[in-house]
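Encoded as structure tokens, the structure appears first; notes follow it.
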Amino acid sequence: MKLVFATNNKHKLEEIRDILGSRVEVLSLNDINCHDEIPETADTLEGNALIKARYIYEKYGVDCFADDTGLEVDVLNGAPGVYSARYAGESNDSKANMNKLLQNLTGKSNRIAQFRTVIALIIKGEEKIFDGIVKGFIAEEKKGDSGFGYDPIFIPDGFSESFAQMTNEQKNSISHRFRATEKLNDYLKTL
């Protein structure tokens, strides 16, 4: 089975390919010569994932899926949420995003947060939504240099190290993206 993953993020692509394994051939946007910047204009993770998947399905006519992920912090009423990638501005700068979040949490004792990924799949015109959540908290400072995005400041429940301190295998076995992708994978096995 071949599916296009509507992303240009090489880290996400590697994670998804690792999780799905060899049963599904996951193609990137680059593999189908799509170099368009697909707008993410929805105010929900589900909405953005559907926008991207529908764009690829309608323009290229290929079975595909897209995701959107947000870091939701309790004390910030779920922010940065759907705006996680551009929390500190349109430049999509991970360091600036982390610094802004840490600054906004200065002096706050409640640092409970969760990562949530939503995957929108379109196969033969049929749409399905899958989600995955991992609960944890925001560290006081950055720890580790693996991963991407907010990984250096997110510590999942039951662990003392951040996502950025874990190996890819450790992170992929518990992450929000893993949980959503496992649901996707379970569905694909029924086809």
Side-chain angles (χ1 to χ4, degrees), residues 3-20 26 28-29 37-56 64-74 76-98 100-102 111-122 127-139 142 144 146-157 159 162-164 166 168 170-185 187:
L3 286 175
V4 173
F5 181 20
T7 189
N8 287 312
N9 184 317
K10 65 179 183 172
H11 298 291
K12 281 185 183 182
L13 189 61
E14 288 169 12
E15 275 188 14
I16 292 283
R17 283 178 173 159
D18 284 347
I19 295 165
L20 287 178
V26 180
S28 68
L29 290 178
E37 190 65 37
I38 304 169
E40 296 181 41
T41 55
D43 58 4
T44 65
L45 299 174
E46 293 83 357
N48 280 338
L50 280 167
I51 286 171
K52 292 185 281 188
R54 287 172 179 160
Y55 182 92
I56 296 305
C64 61
F65 66 97
D67 79 326
D68 200 18
T69 295
L71 176 63
E72 301 167 339
V73 180
D74 280 10
L76 300 177
N77 298 316
V82 71
Y83 305 106
S84 293
R86 292 171 181 79
Y87 191 48
E90 288 301 312
S91 64
N92 197 1
D93 181 328
S94 293
K95 287 181 183 170
N97 289 337
M98 278 189 285
K100 180 177 180 179
L101 182 59
L102 289 173
R111 299 176 82 83
I112 295 170
Q114 68 180 21
F115 263 123
R116 188 163 68 97
T117 292
V118 175
I119 294 175
L121 169 72
I122 304 178
E127 297 178 355
K128 296 281 184 190
I129 298 285
F130 309 94
D131 74 340
I133 294 171
V134 64
K135 296 184 178 293
F137 66 95
I138 304 301
K142 299 171 195 169
S146 295
F148 61 100
Y150 294 91
D151 286 357
I153 60 172
F154 183 80
I155 299 176
D157 284 351
F159 293 84
S162 73
F163 270 167
M166 296 179 175
N168 284 343
Q170 287 174 309
K171 179 185 171 188
N172 286 351
S173 71
I174 62 165
S175 78
H176 46 294
R177 191 164 291 108
F178 169 77
R179 292 174 179 177
T181 306
E182 277 293 286
K183 291 176 183 176
L184 167 67
N185 200 20
Y187 175 75

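- Between His11 and Phe148, the angle of the ring planes stays under 30°, which puts this pair in the parallel group of the 30/60° scheme.
- In this structure the side chain of Gln170 never reaches within 4.5 angstrom of the side chain of Phe159, judged on heavy atoms.
- Using a 4.5 Å heavy-atom threshold, the side chains of Ser146 and Lys171 count as separate.
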Could you please spell out the steps behind the side chain to side chain contact (heavy atoms under 4.5 Å, CB included) verdict for Asp68 and Val118? CA-CA 6 Å; Asp68 200 18; Val118 175; 5.5 Å; no
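- Between Ile129 and Leu50, some side-chain heavy-atom pair lies under the 4.5 Å cut-off.
- A distance of 10.0 Å separates NE2 of His176 from CG of Leu45, quoted to the nearest 0.5 Å.
- Ring planes of Phe115 and Phe163: parallel class, angle under 30° (limits at 30 and 60°).
- Residues Leu101 and Pro80 have side chains in contact (heavy-atom distance under 4.5 Å, counting atoms from C-beta outward).
- Within the model, atoms CZ of Phe137 and CD of Gln114 stand 15.0 Å from one another, a figure rounded to the nearest 0.5 Å.
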Just do the side chain to side chain contact (heavy atoms under 4.5 Å, CB included) check on Ile138 and Tyr150 with the steps written out, would you? CA-CA 9 Å; Ile138 304 301; Tyr150 294 91; over 6 Å; no
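- Counting only distance, with no hydrogens or angles, the side chain of Arg179 and the backbone of Asp131 share no donor-acceptor pair below 3.5 Å.
- Residues Thr181 and Glu15 form no side-chain contact, since every pair of their non-hydrogen atoms from C-beta on lies 4.5 Å or further apart.
- Formation of a donor-acceptor pair under 3.5 Å by the Asn48 side chain with backbone atoms of Ala42 is found in this model.
- Summarising the geometry, atom CG belonging to Leu3 is positioned 8.0 Å from atom CG belonging to Leu20; distances are rounded to the nearest 0.5 Å.
- Here CZ of Arg111 is found 9.5 Å from CG of Leu76. Values are rounded to the nearest 0.5 Å.
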Start with the C-alpha gap between Ile122 and Ile56, add the side-chain angles, then the distance that decides, and say whether side chain to side chain contact (heavy atoms under 4.5 Å, CB included) holds. CA-CA 9 Å; Ile122 304 178; Ile56 296 305; over 6 Å; no
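- For the atom pair CD1 (Ile19) and CG (Leu184), the distance works out to 10.0 Å, reported to the nearest 0.5 Å.
- Here the closest heavy-atom approach between residue Ala120 and residue Ala53 is recorded as O-CB, 3.8 Å.
- When all heavy atoms are compared, the tightest approach of Gly144 to Pro152 is O-CB, 4.0 Å.
- The backbone N or O of Asp67 sits less than 3.5 Å from a side-chain atom of Lys52, completing a donor-acceptor pair.
- The closest side-chain heavy-atom distance from Phe178 to Thr117 is not below 4.5 Å.
- Summarising the geometry, atom NZ belonging to Lys100 is positioned 8.5 Å from atom CG belonging to Asn97; distances are rounded to the nearest 0.5 Å.
- Across all non-hydrogen atoms, the minimal contact from Ser28 to Val4 is O-CG1, 4.2 Å.
- Side-chain atoms of Ser84 come within 3.5 Å of backbone atoms of Leu71 as a donor-acceptor pair (strictly under, hydrogens ignored).
- Between Ala139 and Leu102, the shortest heavy-atom contact is O-CD2, 3.3 Å.
- In terms of heavy atoms, Ala49 sits closest to Ala66 at O-CB, 3.4 Å.
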